[in-house]
Amino acid sequence: MKPSVLVAHPLLPEADALLSAAAVVELATEAEICPREILVAKLRDKDGLLSLLVDEIDREVIDAAPRLRVIANCAVGVNNIDVGYARTKGILVTNTPGVLTEATADLAWALILAVARRIPEADRFTREGRFKGWTLGLFLGRDLAGRRLGVVGMGRIGRAVARRARAFGMTVVYADPRPLPAEEARALDARPLPLDELLAAADIVTIHCALTPATRGLLSRERLARMKTDAILINTARGPVVDEAALAEALEEGRLWGAGLDVYADEPRIDARLLSLPNVVLLPHIGSASEGTRSAMALAAVRNLIQGLKGERPENLVEA
Ligand code: DGY
């Protein structure tokens, strides 16, 4: 008999086909957000769950699913799942690392360039018919060449972002509890620094750590105050890593030059001050949103789910 699986949100067709061949599939909702009561009710008789990062899989949800054996998250981050609790219930949790590294690094650089060179502002200005001719002072931005990039979190994505820095003539410093192996640090030309020193030294700070109890609020008000007043902050990791209110205040008061954000403390809600500031570029959490990458993520999540349900060790098992 095929296992019974709940898919919290619509999958891409290729992933849907793969999963439907191996399991009896029920779709929880077509909506962006799957109401908690639906998740709880529909999980009661399911062996597996394919979730997105917007689905909060906490104790209550897990307790409501007595048959559940695998939770396959279609994301690299698993901060939406109580992984420790799932483990105590014998439930495997999987994620989708690797396949989204390059797309997310590209997006971090897209934000760096967009903020540093004021691209969205200049685009709006041009469309509004306000371009009346070339002048020396029109939309002056920040140079990248010769500046220092500070990478917070030197995992796969942090390293991919650091690799691209060379092409822009930037030097790289990074903060991570686990220093890079010497050879890799040499190849990336990246120097480790304690976080507080990195914040004071970097011209662009880009965040690439996972959201964990240790990194929640890591860029606190005090730490943001250490950054240079002409620095730029980029966050494509998770919103709660940054004190969003303190960031908005710093940007409003000119204590930071700009910010590029793909993630927010309480998605999809965005602080009204951030929405109103011209020196902030805001995106709707699209770090991994390229056709190839999203397809690879969905297929990886399905493969993980099928492997776990077959009693095999999934390719991307999350170790709590
Ligand atoms: C993730 O995978 O955790 C990203 O936030 C979405 O790709």
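Remember, it's 1-based here, ligands and their atoms both numbered in the order they're listed. Atoms considered below: every heavy atom in the structure, side chains included; atoms not considered: hydrogens, waters and symmetry mates.
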More than 12 heavy atoms of other groups within 6.0 Å of Glu253 CD: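 Correct, the count exceeds 12.
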Residue pair Ile232 / Asp203, side-chain heavy-atom distance below 4.5 Å: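 They are not in side-chain contact.
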List for me each residue that meets side chain to side chain contact (heavy atoms under 4.5 Å, CB included) alongside Leu53, sequence neighbours excluded, and say none if there are none.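 Leu53 satisfies side chain to side chain contact (heavy atoms under 4.5 Å, CB included) with Ala75, Arg238, His285 once adjacent residues are dropped.
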With a 4.0 Å cut-off, would you call Arg163 and Glu102 a salt bridge?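 Yes.
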salt_bridge(Asp58, Arg36) N-O dist < 4.0 Å: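 The answer is yes: the pair qualifies as a salt bridge.
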For a quick check: using heavy atoms under 4.0 Å, what are the residues in contact with ligand 1, sorted by chain and number?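 Under the 4.0 Å cut-off, ligand 1 touches Leu53, Ala75, Val76, Gly77, Leu100, Arg238, His285, Ser288, Met297.
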Ring of Phe139, cation from Arg118 - is the NZ or CZ under 6.0 Å from the centre and inside 45° of the axis?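 Judged by the rule (NZ or CZ under 6.0 Å from the ring centre, within 45° of its axis), Arg118 is not positioned above Phe139.
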